[in-house]
Amino acid sequence: MTPGQFHLEAELADRIATSRNDLRLSDQATEAGIVSLLISVSTRGWLSDSEKQLLDTLVPSHCISFLMFDGEYLHPESVPLLNADQLEASYLHDNAVYSHRQRLASGSFTSSRVHAIRLGELNGRPLTFGMIGRDYGDPFDRTADDFSLLTGRFRSAVARVQEVAKRLAAHLNSESPALVVNRCSGRIVAANGPFCAICSVDCNELVKNEFSRAMRSFGDLLAGHLLHAENIRVDDIDLSLVTFRPKEMKANDLAGSMYPRFIESLRRATQALHSTAHHLEGIINWQPGHPETELLRLIQEETTELEQVVHRYQLLTVFDSLRRERINPAEELRQTVTHAAIHHPSRHLTMTEQWATKIELAVPPEALAVLYETILEIHLTSSGFATATSVNFEVDDEQRLTVRFETTSTHTTNHLHCATEWGEYVESLGRLLGFSVYHCAGDGSKLETILTHHKDK
């Protein structure tokens with residue numbers, strides 16, 4: 001092999017002619033650094049600046065190092081230091097050693113020597129390491145033994161990393177978002193394309209960022225995925241393979257996410273029905289005794305009831321955004337009972353109050369009124385005309401509030417409303433307002449609902 005078969009760019013030849021300060025690492029730091037570097041090569045296929053500095057630190061100060069992966073130079077990056085094909089074809093046994101001359105930027109010539117070795121394969125792709133320095137004869141010859149010792153460490157590390165590299169590559173090459181994280185530093189070692197696509201970020205920008213900070217930045221974008229972490233140890237390096245799997249979507253989950261929009265669409269529909277009924281009422285009123293008067297009445301009643309139902313469920317969807325006020329729950333109950341008595345004149349409805357001390361609740365007033373209204377609606381429409389409903393409001397010495405609704409009937413009834421979704425609705429809204437809710441239908445002739453609330457300390 002003639003010297004002319006290799007070419008070093010003038011800038012690199014000048015670097016060889018300039019000595020660096022020697023910085024020697026301990027054996028343990030060298031081993032850990034090599035393993036970490038190989039993991040970076042196998043997972044992302046490029047080196048960070050600190051990893052390139054490590055390579056240069058491993059060789060003597062009058063030399064520069066190079067690392068080639070699958071025919072591409074990772075360091076010095078994208079520089080045709082030596083012809084890759086010729087280098088691969090020139091190995092004699094385990095090592096290739098060359099002596100040749102380069103022209104420097106100044107125009108003069110210098111002799112250099114190359115040591116190169118095939119380290120093995122990572123994920124089926126060849127890895128080559130080497131160094132180039134001025135051909136000083138004895139000084140360079142003395143470093144040959146150091147180079148052999150160093151490459152022995154590299155080869156041993158390649159053998160230890162291979163299985164882990166395969167496992168990591170299988171996940172990083174999958175369609176599921178995945179990260180490799182250094183558990184000791186908490187920093188990201190590698191990220192795959194699907195993760196970067198979901199988060200709209202350059203994978204190279206993620207490397208060396210803290211995993212916790214990345215999750216805070218991209219948490220919303222990954223909300224539809226479940227995080228799974230698998231801890232992997234290679235020598236003294238602790239890694240975590242973090243994969244993100246799409247959450248299994250169930251029909252109930254889909255319905256829950258669409259629930260607010262569904263309620264809003266129903267409310268718009270009831271408003272449209274009200275407008276239509278109002279328009280028909282205007283037409284019918286011009287014709288006394290119009291045959292459709294009764295039909296119009298039914299439309300208005302059904303629309304009013306539907307609007308009430310929609311309003312109750314919409315209240316649950318917006319509850320967290322409602323403004324809270326300090327109100328007297330007894331006064332709110334009085335108004336609700338009075339309103340119910342007006343709309344149900346055929347029912348016997350009474351209210352009593354027992355005060356040990358005054359109490360106020362910090363709740364959305366509208367929500368509390370709806371809770372009272374719904375409970376009274378259940379009681380006043382659950383049986384026939386021969387019923388009596390009593391409402392008792394009590395605050396004891398410990399400021400515990402109890403509101404008891406009790407309906408009795410002279411004949412047995414099934415109390416169908418208590419078994420419907422309205423009972424569940426009352427329990428749900430009651431919990432949001434801080435009440436425990438108890439329902440009891442008894443033997444069919446008695447219906448009881450009890451709200452209990454402990455004043456906030």
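Values below: all heavy atoms of this structure, side chains included; hydrogens, waters and symmetry mates excluded. The chain is numbered in sequence order, starting from 1.
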Run the salt-bridge test on Arg44 and Glu51 with the 4.0 Å N-O cut-off and return the result as yes or no.
yes
Determine whether a donor-acceptor pair (N or O, by modelled atom type, separation under 3.5 Å) exists between the side chain of Arg233 and the backbone of Asp235.
yes
Have Gln399 and His453 got a donor and an acceptor in their side chains that come within less than 3.5 Å?
no
Within the supplied structure, the quantity of interest is the number of heavy atoms (other residues, nucleotides, ligands) at a distance under 6.0 Å from Asp202 CG; does it exceed 12?
yes
Between the side chains of Arg404 and Glu448, is the shortest nitrogen-to-carboxylate-oxygen separation below 4.0 Å, so that they form an ion pair?
yes
With the side chain counted from C-beta on, respond yes when Phe319 and Pro364 share a heavy-atom pair under 4.5 Å apart, and no when they do not.
yes
With a 4.0 Å cut-off on N to O distance, would you call Lys52 and Glu77 a salt bridge?
yes
Could you tell me if the side chain of Val207 sits less than 4.5 Å from the side chain of Trp46, heavy atoms only?
yes
Any salt bridge between Arg125 and Glu72, counting N to O under 4.0 Å?
no
Any chance you could measure Arg167, atom CZ, to Ile232, atom CD1, to the nearest 0.5 Å?
4.0 Å
Find out whether Leu322 and Asp320 are in side-chain contact, i.e. whether some heavy atom of one side chain is under 4.5 Å from a heavy atom of the other.
no
Can you tell me if Thr449 and His379 form a side-chain donor-acceptor pair at under 3.5 Å?
yes
No-hydrogen, no-angle side-chain donor-acceptor test under 3.5 Å, His75 and Asp56
yes
Atom CZ of Arg324 with >12 non-hydrogen neighbours under 6.0 angstrom:
yes
Taking the side chain from Asn182 and the backbone from Ile237, do they hold a donor-acceptor pair closer than 3.5 Å?
no
Interatomic distance, CZ@Phe435 vs CG@Leu361, rounded to 0.5 Å, equals 5.5 Å
From the options Leu316, Val309, Ile378, select the one residue that forms a side-chain contact (heavy atoms from CB on, under 4.5 Å) with Tyr425.
Leu316
Test item: side-chain donor near acceptor, Thr452 and Arg400, under 3.5 Å:
no
Arg183 side-chain N/O to Asp238 backbone N/O, donor-acceptor pair under 3.5 Å
no
Counting only heavy atoms not in His228, do more than 12 sit closer than 6.0 Å to its NE2 atom?
yes
Taking C-beta and beyond as the side chain, do Leu447 and Glu406 meet within less than 4.5 Å on heavy atoms?
no
Indicate the ring-plane relationship of Phe129 and Phe147, choosing parallel, tilted or perpendicular according to the 30° and 60° boundaries.
parallel
With sequence neighbours excluded, residues passing ring-ring contact (aromatic ring centres under 6.0 Å, His included) with Phe211:
none
Note, Asn392 side chain near Gln354 side chain (heavy atom, < 4.5 Å):
yes
4.5 Å side-chain heavy-atom contact, Val391 and Leu376
yes
Between Thr336 and Tyr372 (side chain of the first, backbone of the second, donor and acceptor by atom type, cut-off under 3.5 Å), is there such a pair?
no
Using only atom types and a distance under 3.5 Å, with no angle test, would you say the side chain of Thr151 pairs donor to acceptor with the backbone of Ser148?
yes
Looking at Asp397, I want to see if its CG is surrounded by more than 12 non-hydrogen atoms of other residues, nucleotides or ligands under 6.0 Å.
no
Do Leu241 and Val181 have side chains that get closer than 4.5 Å, going by heavy atoms?
no
Could you tell me whether Arg323 and Glu325 have a side-chain N and a carboxylate O separated by less than 4.0 Å?
yes
Show your reasoning for whether side chain to side chain donor-acceptor pair (under 3.5 Å) applies to Thr374 and Arg312.
CA-CA 9 Å; Thr374 306; Arg312 286 173 179 168; 3.3 Å; yes
Donor-acceptor under 3.5 Å (Ser40 side chain, Ser36 main chain)
yes
With His171 as reference, evaluate Val242, Thr243, Asn192 under the side-chain contact (heavy atoms from CB on, under 4.5 Å) test and give the passing residue.
Thr243
When rounded to the nearest 0.5 angstrom, what distance separates CG in Leu451 from CG in Leu401?
8.0 Å
Check whether any side-chain N or O of Asn123 sits under 3.5 Å from a backbone N or O of Ser42 as a donor-acceptor pair, and report yes or no.
yes
Might you work through the ring pair (Phe, Tyr, Trp, His ring centres under 6.0 Å) test for Trp355 and Phe393, ending with a clear yes or no?
CA-CA 8 Å; Trp355 293 81; Phe393 184 95; 5.4 Å; yes
Heavy-atom side-chain contact between Asn231 and Leu239 under 4.5 Å
no
